[in-house]
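Take a look at the structure set out below.
Atoms within each ligand, like the ligands themselves, are counted from 1 in listed order. Just so you know, these numbers come straight off a predicted model, no measurement behind them.
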Amino acid sequence: MPKYIFICGALISGLGKGVVTSSIGKNLQIRGKKVNVIKIDPYLNIDAGTMNPYEHGETYVTADGSEIDVDFGHYERMLNLEMKGDQNITTGQVYQSVIDKERRGDFLGKTVQVIPHITDEIKRRIKSIGEREPNLDVLIIEVGGTIGDIESQPFLEAIRQVRREMVSEDSLLVFLTYILEPPNLKEQKTKPTQHAVRELQSMGLSPDIIISRGSHALSDSAREKIVMFCDVPANAVFSLPDLDTVLEAPIYLDKQGLGSTLNLMLRYEDIAADWLEYERLIERFTKTENIVQIAITGKYTELADSYISVKEAIHHAAAHNNVHAVINFVSTEEYEDNIEKIHELNKFDGILVPGGFGSRGAEGKISVIKYARETKVPFLGICYGFQLSVIEYARNESNLEKANTSEVDPNSPHPVIDLLPEQKTVDEMGGTMRLGKHKILIKTNSILEGIYKDTETGERHRHRYEVNPEYIDILERKGLSFSGRSEDETRMEALEIKDHPYFIATQFHPEFQSRPLKPSPPYFAFIKAAKQRSEQRT
Ligand code: GLN
């Protein structure tokens with residue numbers, strides 16, 4: 001059985017628990033330990049698939065086709081692991097399985113209660129993930145929400161029970177807090193943290209390690225107060241201020257002794273970490289003066305978290321092209337009323353139209369794609385961006401007037417994008433799209449083949465609509481090439497056009513498999529083309 005590290009947060013949401021979880025994982029990984037992660041989300045949704053990205057950030061998609069919390073992107077990228085859907089435990093899943101068991105009569109007439117039935121189910125889920133992987137050393141369990149939330153109480157009680165059942169060096173509780181620094185006082189205040197720890201203690205839980213977030217590093221006097229009032233040893237308080245890149249977080253914490261403290265507390269041999277290779281990686285991300293300006297169009301322009309994997313994939317690709325990408329969000333709705341304004345896009349080195357749903361901003365995005373195609377700005381379309389590129393080409397190059405996706409216009413005379421056949425009988429929204437990793441066949445001698453350096457690949461998906469097979473020939477006759485297809489060749493997976501510096505769109509989401517050390521091929525080639533444009537400009 002692995003050791004467990006539980007991570008809880010206090011005071012405010014958005015503390016960066018995902019970054020801390022990944023940083024702790026990285027510190028163990030670099031010392032040769034095998035780690036994995038569970039994220040508990042105390043909401044009633046079964047998964048993140050039906051949640052508004054405005055509220056919760058993007059929905060991340062795993063290879064096994066689960067729609068999962070955005071933090072899994074951080075874990076997979078930082079820890080270079082492939083995770084499974086059941087590693088995201090939600091209140092909805094826990095209650096659903098307990099209620100299903102009750103209906104089957106599994107509880108033999110007993111009154112079904114939060115304690116022990118809900119807590120038992122939580123424990124069962126955590127343990128089953130811990131046990132399924134051979135030789136797993138540490139399972140890190142991040143508890144979403146903040147201490148004091150009603151929703152997280154059954155989870156904290158389950159954690160209390162699990163910790164009670166284990167010897168002390170086999171489980172740790174890491175408490176993440178926020179240190180206030182009122183500008184008029186110019187002093188770091190730890191009182192809210194002290195109260196939060198007391199609240200945690202009232203639930204029978206005590207922190208072993210405290211990590212403080214804040215805009216500045218923790219002062220000595222604040223550190224002393226935390227040690228004194230929060231019942232932790234001096235070597236167990238760490239500071240994590242805002243950093244230039246989250247990649248620095250694992251080293252930043254280790255420089256304060258996090259690795260040693262973990263070794264000591266978990267009774268591991270105290271080996272130091274060799275960060276050399278990792279530091280080189282960070283350098284790639286920070287040490288460049290060349291800039292490319294990238295535009296991302298989209299509906300959720302206000303909340304950059306909705307496109308976090310897209311942004312990260314751009315940064316990975318940029319780092320490996322020795323440039324820094326500046327990401328600009330452009331709202332396409334403005335172009336719908338004022339098409340002249342679209343010429344402002346000329347200042348960008350690359351335009352990316354990401355995934356999306358529904359009609360808002362769709363016409364504006366189609367105009368953006370036309371602009372990118374005609375004025376030869378490097379272009380990458382992802383999922384909805386791919387579908388809208390097909391519509392743009394159908395309307396403007398193939399004489400298919402009013403071509404559309406049936407998602408936007410169910411009465412279009414030319415539904416070039418239509419529901420996947422298996423979707424026509426689906427009524428439920430949750431977990432019913434075409435999801436997860438599927439094989440893609442790549443046309444020989446295509447641009448895509450040059451990008452992937454292969455004639456097949458596997459990428460992750462999340463869509464309900466696809467290219468209508470009836471229009472494939474008409475579109476290809478006019479020069480659009482579907483250079484990526486599904487294994488049975490019925491589904492169009494990628495398109496490209498010639499005589500353009502870079503015009504590629506994919507039905508799949510390559511960003512989900514992009515990693516700091518291994519950028520996604522279509523993103524890498526996109527940034528390469530953007531770099532060329534920026535160099536030509538200067
Ligand atoms: N709305 C489109 C579909 O359902 C695209 C989805 C997406 O971009 N993820 O197929």
Where the side chain of Thr332 meets the backbone of Gly364, is there a donor-acceptor pair that is under 3.5 Å apart? no
Answer yes or no for Arg434: is there a heavy-atom contact with ligand 1 below 4.0 Å? no
Considering only heavy atoms of Tyr465, which atoms of ligand 1 have at least one such atom less than 4.0 Å away? 3 (C), 4 (O), 10 (O)
Please check: side-chain N/O of His509 versus main-chain N/O of Glu459, any donor-acceptor pairing under 3.5 Å? no
Does Glu466 reach ligand 1, in the sense of a heavy atom lying below 4.0 Å from it? no
Under 3.5 Å, N or O to N or O, is His463 touching ligand 1 that way? no
Charged N to carboxylate O below 4.0 Å: is that the case for Glu397 and Lys478? no
List the steps and the verdict of salt bridge (Lys or Arg N to Asp or Glu O under 4.0 Å) for Lys17 and Asp71. CA-CA 9 Å; Lys17 263 187 296 194; Asp71 274 337; over 6 Å; no
Atoms of ligand 1 close to His509 [distance to a heavy atom under 4.0 angstrom, numbered from 1]: 9 (N)
Taking everything shown except Glu401 itself, do over 12 heavy atoms lie less than 6.0 Å from its CD? no
Considering both backbone and side-chain atoms of Arg464, is one of its nitrogen or oxygen atoms within less than 3.5 Å of a nitrogen or oxygen in ligand 1? yes
At a 4.0 Å threshold, what atoms of ligand 1 neighbour a non-hydrogen atom of Arg462? 6 (C), 7 (C), 9 (N)
Closest protein heavy atom to atom 7 (C) of ligand 1, given as residue, atom name and distance to 0.1 Å: Cys383 SG, 3.0 Å
Using 4.0 Å as the upper bound for N to carboxylate O, is an ion pair formed by Arg434 and Glu466? no
Gap between atom OG of Ser412 and atom CG of Asn404 - 0.5 Å precision: 5.5 Å
Quick check on contacts: which atoms of ligand 1 are under 4.0 angstrom from a heavy atom of Gly355? 8 (O)
Sub-3.5 Å N/O-N/O distance, Gly356 and ligand 1: yes
Taking non-hydrogen atoms only, is Glu407 closer than 4.0 angstrom to ligand 1 via side chain, backbone, both or neither? side chain
Is the shortest side-chain N to carboxylate O distance from Glu363 to Arg395 below 4.0 Å? yes
